[in-house]
Amino acid sequence: SQNSSVICALKSHSGHSTLTQQVFEEMPLSDTFAWNNLIQTHLSNGEFNHVVSTYQRMLLLGVRPDRHTLPRVLTTSRHLRSLRLGKQFHGQVLKLGFCYDHYVTTALIELYGRLEGSDAAKRIFENTPNKNSVCWTLLLAMYVKEEKPGLAIDLFNQMVASGAEIDNVALATAIGACGQSKSLREGRNIHQTVKRCGLEFDVLVSNSLLNMYLDCGSTRDARTVFNQMPSKD
RNA sequence: UGUCAGGUUA
């Protein structure tokens, strides 16, 4: 068994430093902002191992990660498909007290959801006190991806009842669940919610409605939506 | 306005 925790086993960085890295090393130690940007650069470039080593170096040098740092290393773990690494960063989240940050929470839900499935994502979701629309929509989308439209529709109804903001992405995801289950009744029901939210002319939402009605076999409803669509050019 | 999340396996 390997005890080589990424967090604890901070290996010395041999190898060649690039110029930017050398300049960077001369910056003030406490500049978490600059470290976050270096991590972001590596993440954007797909240099996931550099993200991890940069995080390790932060800890080595006594720079405290902040609520902007953790979502990025969690996302990196997801891209590396490493649950082991993700769990170590999850430990960091708990240790450093960032577990109530929305960005951290959504990164955790995505990490566990993509690597372990919706059940694991739901565990994080349920421990999240102030769920925003992104949290809800992520779990919704995971149910749709796993072809569990019944769970998705139930969850959407809970979302509405919770008073969370219902935005266009949440609606489009829930509408997709109705199409997947070929449930015209549920689809029309959500269409009413769309109207209450004043989002029936949103491009994403109206496209979802159109596809849902076609999936459900209602050409008539589909035509009505189509005739009211904003961008038919 | 100093840095981060959900549509994208269409």
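Chain letters run A, B, ... following the sequence lines, proteins first, then strands; residues in each count from 1.
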Novice: Pick base, sugar-phosphate or nothing for N168(A), based on heavy-atom distances below 4.0 Å to the nucleic acid.
Specialist: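 Nothing, no heavy atom under 4.0 Å.
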
Novice: Strictly below 4.0 Å, heavy-atom distances to any atom of RNA chain B: list the hits from residues 130-140 of chain A, or just say none.
Specialist: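 Within this stretch, N132(A), S133(A), V134(A), T137(A), L138(A) sit under 4.0 Å of the strand.
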
Novice: Distance-only, no hydrogens or angles: does the N132(A) side chain make a donor-acceptor pair with backbone N or O of C135(A) under 3.5 Å?
Specialist: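 Side chain of N132(A) to backbone of C135(A), a donor-acceptor pair under 3.5 Å: yes, one is there.
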
Novice: Using the P atom on both, measure C4(B) against U8(B) and round to a whole Å.
Specialist: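 To the nearest whole Å, 22 Å.
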
Novice: Can you say whether a donor on the side chain of N37(A) sits under 3.5 Å from an acceptor on the base of G2(B), or the other way round?
Specialist: no

Novice: Which whole-number value in Å describes the distance from L43(A) CG to A5(B) C1'?
Specialist: 12 Å

Novice: Round to a whole Å and report the spacing from OH of Y100(A) to P of A5(B).
Specialist: 24 Å

Novice: Tell me the interatomic distance from E110(A), atom CD, to G6(B), atom C1', rounded to whole angstroms.
Specialist: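 So the CD-C1' distance, E110(A) to G6(B), works out to 7 Å.
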
Novice: Measure CG/L70(A) against C1'/U3(B) and give the value in whole Å, please.
Specialist: 14 Å

Novice: So does K122(A) have more than 12 non-hydrogen atoms from other groups sitting under 6.0 Å from NZ?
Specialist: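 No, because the 6.0 Å sphere around NZ of K122(A) holds 12 heavy atoms or fewer from other groups.
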
Novice: Does M142(A) share a hydrophobic cluster with V134(A), counting links as ILVMFWY side-chain heavy atoms below 4.5 Å and allowing steps through other members?
Specialist: yes

Novice: Checking only heavy atoms, does the side chain of N36(A) share a donor-acceptor pair with the base of U3(B) at less than 3.5 Å?
Specialist: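 Per atom types, the contact qualifies.
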
Novice: OH of Y100(A): more than 12 outside heavy atoms within 6.0 angstrom?
Specialist: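 Check fails, neighbour count at 12 or below.
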
Novice: Do W136(A) and F125(A) have ring centroids that are under 6.0 Å from one another?
Specialist: yes

Novice: Nearest-Å distance, CG (D167(A)) to C1' (A5(B))?
Specialist: 13 Å

Novice: Let me confirm one number: the CZ-OG distance from F48(A) to S53(A), rounded to the nearest 0.5 Å.
Specialist: 13.0 Å

Novice: Distance check needed: A10(B) C1' versus M212(A) CE, whole Å only.
Specialist: 18 Å

Novice: Is there a donor-acceptor pair under 3.5 Å between the side chain of H42(A) and the backbone N or O of V52(A)?
Specialist: no

Novice: Just the rounded figure in Å: distance from C1' of C4(B) to CE of M58(A).
Specialist: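 One finds 13 Å between C1' of C4(B) and CE of M58(A), rounded.
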
Novice: Expressed in angstrom and rounded to an integer, what is the separation of L38(A) atom CG from C4(B) atom C1'?
Specialist: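 That distance rounds to 15 Å.
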
Novice: Taking atom C1' in both G6(B) and G2(B), compute the distance separating them and give it to the nearest angstrom.
Specialist: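 These two C1' atoms come out 25 Å apart once rounded.
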
Novice: From G6(B), U3(B), C4(B), pick the nucleotide closest to the side chain of F33(A)?
Specialist: U3(B)

